Amino acid sequence: MLSVTLPWPPSALTPNSKRRSHWTKYRPIAKKYRADCAWLVKAARIGLPAGSVPLSMTIRFVPPDHRRRDDDGMIGAFKHGRDGIADALGVDDHSFRPTYEFAEPEKPGRVVVEIIA
């Protein structure tokens, strides 16, 4: 199992926030979050064995505070992080088979991704 800890997604990337703003406002934030996540995966030196597609993964959300968040909002906010993981691994994210876990809040918030290869 390979594991990497990624930063909590910016609030501007939640589906409700994106719906209320123009794409030119959140697109640079999404691009940076995607690139940051890709860099962290590359820095963790996660490599996949040949032929390891589809990829099972567990994505654990650890929010930074006790604000109410729904599961689909957290998953939607992490979409760009998931794309960054795919970029770093050189695979298409359609091959991911994720399961999601939702932990109690801890500062700082984070997303822990475990890839079962």
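Only heavy atoms go into these numbers, but all of them, side chains included; no hydrogens, no water, no symmetry mates. None of the values given here were measured: they were computed from a predicted structure.
Heavy-atom minimum distance, P105 versus P64: CB-C, 4.5 Å. L40 and T5 get closest at one heavy-atom pair: CD1-O, 4.2 Å.
Within the model, atoms NZ of K31 and CG of D83 stand 13.5 Å from one another, a figure rounded to the nearest 0.5 Å. Atom OG of S56 sits about 11.0 Å away from atom CZ of F96, to the nearest 0.5 Å. Note that CD of E114 is 7.0 Å distant from CD of E101, once rounded to the nearest 0.5 Å. Atoms CZ and CG, from R69 and N16 in turn, are 12.5 Å apart once rounded to the nearest 0.5 Å. Separating the CE atom in M57 from the CD1 atom in I59 is a distance of 5.0 Å, to the nearest 0.5 Å. Atom NZ in K18 sits 7.5 Å away from atom NZ in K79 (nearest 0.5 Å).
With sequence neighbours left out, F102 forms a ring pair (Phe, Tyr, Trp, His ring centres under 6.0 Å) with F61. Listed by chain and number, the residues in a salt bridge (charged side-chain N to carboxylate O under 4.0 Å, His left out) with R110 are E106 (sequence neighbours excluded).
One hydrophobic cluster, built from ILVMFWY side chains closer than 4.5 Å, holds both Y33 and I75. There is a path of hydrophobic side-chain contacts, each under 4.5 Å, that joins L2 to V4. Residues V91 and I85 share a hydrophobic cluster, clusters being chains of Ile/Leu/Val/Met/Phe/Trp/Tyr side chains in contact below 4.5 Å. Hydrophobic clustering (ILVMFWY, side-chain heavy atoms < 4.5 Å, transitive): Y100 and I115 are in one cluster.
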Do I116 and L55 pass the side-chain contact (heavy atoms from CB on, under 4.5 Å) test, and can you show the C-alpha distance, the side-chain angles, and the key distance before you say yes or no? CA-CA 7 Å; I116 299 108; L55 293 172; over 6 Å; no
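Using a 4.5 Å heavy-atom threshold, the side chains of P98 and T58 count as separate. Contact of the D36 side chain with the R34 side chain is not registered, since no non-hydrogen atoms from C-beta on lie closer than 4.5 Å. Here the side chains of V41 and L89 are in contact, with some heavy-atom distance below 4.5 Å.
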Under 3.5 Å donor-acceptor pairs involving side-chain atoms of residues 7-15, not counting sequence neighbours:
unit_1: T14; atom_1: OG1; unit_2: S11; atom_2: O; d: 3.1
unit_1: T14; atom_1: OG1; unit_2: S17; atom_2: N; d: 3.4

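The side-chain contact (heavy atoms from CB on, under 4.5 Å) with R82 is formed by just one residue from the set D87, V113, D93; it is D93.
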